[in-house]
Amino acid sequence: MQRYIMRRALQGVVTLFAVTLFIFFFGRLIGNPLDLMLPDDATPEEFQHATEALGLDKPIHQQLYMFYVAALRGDLGRSVRYNRPVTQIFMERFPNTLRLAPVSMAIAFALAIPLGVLAAFFRGRLPDRLATLGAVLGMAIPHFWLGIVLIYLFAVTWDLLPPSGMGGPSHYVLPAATIGTGYAAGLMRLLRSSMLEVMGSDYVRTARSKGLKNSTVLLRHTMRNAVIPVFTLAGVLLAHAIAGALVTETVFAWPGVGRLTYEAVINRDYPLLQGVVMIAAIFVLVINLGVDVLYAYIDPRIRYT
Amino acid sequence: MVTGHERPVSRHTLRNLPWVPMLIMGAVVFLAIFAPWVVPHDPEAQSLPDRRMPPFWVESGSFRHVLGTDSLGRDILSRMFYGARITALVAAGALMLGGGIGLTLGILAGYLGGKVDALVMRAVDATMSFPTILFALVMAVALGPGLLTIIVALVVIVWASYARIMRADVLSVRHRDHVIAATAIGCSHFRIMVVHILPMVLNTFLVVLSLNAGQLILTEATLSFLGAGVPPDTPTWGAMVADGRRYVATAWWISVVPGIAITLVVLALNLFGDWLRDRLDPRLRGR
């Protein structure tokens, strides 16, 4: 087990290196951030001075080296746009994204678990068809559009909920529902097929032949095992919370990391983009590893070597 | 191809085809090709007096602009037809390029094994362990606006899943008797890969290709919604939804109508992919 974790961690470092390299070089292609930073009438001297201040005049491999050395010390540079340390801006925005994630996941589970169980139980009959249709639809609807439609219906037409921004509990409903329904479709499909697999197994037949009630078999015997892959997927989805929130946070003007990433790209803010994407990558790698390790604890049949 | 799952051809075959998805896909392809001849209006023609006109079924709407007009008075239906052209072009380009790269690398990795395999799979892991939309966004903005940019950005994120699945499929056929026989009579590696392995994995490839197409179009729409990659004023469905965002309180149709088109097309592709998988390669269920 320890060897497995070590190997995975090492692989993670290699992946992280590849990701930062990719971001670094493509980030440079976006364009010169000074064009946006300096006023239009800036003199060549001012331009030169700003270039040197940001280290943009050094050869690219030297810039990369400086980036890595600083990153190891926890310094991801300063945002060009905000002129503040990237880590500081990130840490301000990150809690907002994290706040949204559990609400979205709760909505996703509240939809996916009952629907998945019902669909598996009534396999091939009307409830199954309706639930599956819902899931298929949920996978086809673009998030950004769903967000706009929800704003139109609940904020504009019926005036029930605030259209955007962050505030009281009512501000969470629409963005969380937008993210949550997207999660729910995948989770429900997975739960359904995993339930069907478990329902065909020997011990479920044994439980049934003992004369246990349908509900007992379903909830105590089948669900418990069927839900393992669903939790794995939920973990993976949470790991992608930063990227997943990108579109939703942009639509709902939610001051989180997703919107920050979008702004960084639009403003050609290299250091900010590099920093955010790097932290997002570490986040994904650590959670993926965590989920796999947790998996082995939940399910004693799984052993890594 | 012998898969052992083929059903006998009967008079029911025609009825079992997924007609609705095929009709939607056919319509998109038709519009993509014939857009300039079937549009009721010039998609670029602005007319400020006619701006934000509702679709015909809404009060004060008219049949002159069946689906209404946007904030600059451009006809939404005409722009949607041209949007179909871009969607089809980008999806076809990205699928062919990304699929081709994934298929080639997957076969190479699965057949040659060893270092090539390790290298390809590491690259696959690196690509897949990372949120794809961030990749695509960074690339789309970095390469500058253009259709080719979107295609390249999409290729970078889709090739990996093809490579992984094709590699697994190649591993399952590379020790078949006919491959061993071909090796024994001295066929070159190239010949074995192309003549003896490729046809065995083609079914899986087609299924995976069609299952991914919907997701690809969603990603393309998301990118153009965020304004990355498409030249300004290009009528893409995603950009049209973005356009209408500001007018959602007064002119909902500008955003809603193109979104329905995206949903329908993605839905059609997903359903068609499911059907093709059940037909050609049921082993892929759940993958």
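Per chain, numbering begins at 1; letters A, B, ... match sequence-line order. These values consider heavy atoms only, across backbone and side chains, with no hydrogens, waters or symmetry-generated copies.
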**Report entry** L269(B) portion near chain A, given a 4.5 angstrom heavy-atom threshold
**Finding:** neither
Query raised in the report: Rounded to the nearest 0.5 Å, what separation is found between the CD1 atom of I148(A) and the OH atom of Y247(B)?
Result: 13.0 Å
Requested in this report: Check the surroundings of atom CD in E263(A): do more than 12 heavy atoms from other residues, nucleotides or ligands lie under 6.0 Å from it?
Outcome: yes
Report summary line: Residues L218(B) and M139(A): closest non-hydrogen pair is CD1-O, 3.3 Å
**Report entry** Between CG on residue L137(A) and CG on residue N270(B), distance to nearest 0.5 Å
**Finding:** 10.5 Å
Requested in this report: Kindly compute the distance separating OG1 (T250(A)) from CZ (F225(B)), expressed to the nearest 0.5 Å.
Outcome: 7.5 Å
Query raised in the report: Is it the side chain or the backbone of V251(A) that comes within 4.5 Å of chain B heavy atoms, both, or neither?
Result: both
Query - I141(A) versus chain B, the contacting section by heavy-atom distance below 4.5 Å - result: both
Query raised in the report: If you take all heavy atoms of P142(A) and I262(B), which pair is closest and at what distance?
Result: CG-CG2, 3.6 Å
Query raised in the report: Distance from W145(A) atom CH2 to T263(B) atom OG1, nearest 0.5 Å?
Result: 4.5 Å
**Report entry** Spacing of L246(A) atom CG and L226(B) atom CG [to the nearest 0.5 Å]
**Finding:** 6.0 Å
